[in-house]
Amino acid sequence: MGIKVQTIMMGEVEVDEKAIITFPNGLPGFGGAKRWFFAGEDEDVIKWMICLDCGHICLPVTSPEVVDPAYSPHIPEENLKRLRLSSLDQGVLMVVLNLPRDKPWMGTANLLAPIVINPSLRLGEQVVLMDERYSVRTPLVSEEERAKIERSVEAQKRQGGEE
């Protein structure tokens, strides 16, 4: 049996109850939003984490290894205990992305506050790390790549304006 929810991204969808991840403490900035589900195809690098309690809240997320293959956060023991994980290996990590609509190549990932999920119990928590190695705005592409894309977009705009 599924739960119907009206979303801003996909219209009305039916969500299987087994796909719902509960965040008992909510997410920072979204305290009352405790039930979420993921949308997107298995092969998609970016998924959408959609709030079941408020379908207009949709967060783009990805695996942190996509952004930083060496990502190795230290998740405090108390967080693992709340999620009933004996080790991080049993969980799933995701990071929230910031993708500017007009310039997605300027997107960033929040590696400082990963989302940790216990997939077997369908529990989640966003953990704010005390780790100087990570930032809330880690670029998705290098500065050189950003500049190259920007030049290409500007050139396309100029060509489009001449026709």
Side-chain angles (χ1 to χ4, degrees), residues 5-11 13 15 19 21 23 25-76 79-80 83 85 88-119 124-163:
V5 61
Q6 186 68 32
T7 70
I8 196 165
M9 300 234 3
M10 302 164 17
V13 295
V15 180
I21 307 294
F23 289 75
N25 299 322
L27 292 176
F30 303 101
K34 297 187 182 226
R35 298 179 308 153
W36 298 76
F37 67 97
F38 291 95
E41 301 300 321
D42 288 342
E43 63 274 2
D44 292 346
V45 173
I46 297 174
K47 307 270 192 271
W48 291 95
M49 194 168 120
I50 302 174
C51 181
L52 190 67
D53 301 311
C54 186
H56 71 273
I57 302 174
C58 305
L59 303 174
V61 296
T62 194
S63 170
E65 290 80 20
V66 169
V67 181
D68 180 356
Y71 188 66
S72 62
H74 170 72
I75 304 298
N79 297 95
L80 294 175
L83 293 168
L85 293 170
L88 189 54
D89 294 339
Q90 295 178 319
V92 174
L93 282 179
M94 301 295 282
V95 292
V96 177
L97 303 175
N98 177 350
L99 301 172
R101 189 177 302 234
D102 58 337
K103 293 184 176 187
W105 59 89
M106 297 298 285
T108 60
N110 182 349
L111 295 182
L112 191 61
I115 292 170
V116 184
I117 296 170
N118 178 330
E125 184 171 332
Q126 187 169 22
V127 179
V128 179
L129 304 174
M130 298 298 173
D131 192 329
E132 295 175 2
R133 298 177 297 164
Y134 302 119
S135 166
V136 296
R137 297 215 180 270
T138 303
L140 297 177
V141 295
S142 70
E143 209 48 54
E144 299 81 32
E145 196 62 30
R146 284 179 171 193
K148 192 186 306 183
I149 294 168
E150 190 77 37
R151 286 191 302 272
S152 174
V153 168
E154 289 303 317
Q156 288 175 359
K157 283 181 185 177
R158 284 192 300 275
Q159 286 179 341
E162 293 172 4
E163 294 176 8

To the nearest 0.5 Å, what is the distance between [atom1] on [X] and [atom2] on [Y]?
{"X": "W105", "Y": "L140", "atom1": "CH2", "atom2": "CG", "answer": "13.0 Å"}
{"X": "W36", "Y": "L59", "atom1": "CH2", "atom2": "CG", "answer": "4.5 Å"}
{"X": "Q6", "Y": "C54", "atom1": "CD", "atom2": "SG", "answer": "11.5 Å"}
{"X": "L52", "Y": "K34", "atom1": "CG", "atom2": "NZ", "answer": "14.0 Å"}
{"X": "L111", "Y": "L93", "atom1": "CG", "atom2": "CG", "answer": "10.5 Å"}

Taking the side chain as every heavy atom from C-beta outward, state whether [X] and [Y] have any atom pair closer than 4.5 Å.
{"X": "L129", "Y": "H74", "result": "no"}
{"X": "P73", "Y": "D131", "result": "no"}
{"X": "V5", "Y": "F37", "result": "yes"}
{"X": "D68", "Y": "T138", "result": "no"}

**OP:** Decide yes or no on side chain to side chain contact (heavy atoms under 4.5 Å, CB included) for C58 and M10, but give the supporting numbers first.
**Re:** CA-CA 10 Å; C58 305; M10 302 164 17; over 6 Å; no
Would a distance-only check, ignoring hydrogens and angles, find a side-chain to backbone donor-acceptor pair under 3.5 Å from [X] to [Y]?
{"X": "K47", "Y": "T62", "result": "no"}
{"X": "D53", "Y": "R35", "result": "yes"}
{"X": "Q126", "Y": "A113", "result": "yes"}
{"X": "Y134", "Y": "S72", "result": "yes"}
{"X": "N98", "Y": "T108", "result": "no"}
{"X": "N118", "Y": "L83", "result": "yes"}

**OP:** Considering only NZ, NE, NH1 and NH2 on the basic side and carboxylate oxygens on the acidic side, decide whether E154 and R151 come within less than 4.0 Å.
**Re:**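 The answer is no: the pair does not qualify as a salt bridge.
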**OP:** Apply side chain to side chain contact (heavy atoms under 4.5 Å, CB included) to R146 and K103, showing your working.
**Re:** CA-CA 10 Å; R146 284 179 171 193; K103 293 184 176 187; over 6 Å; no
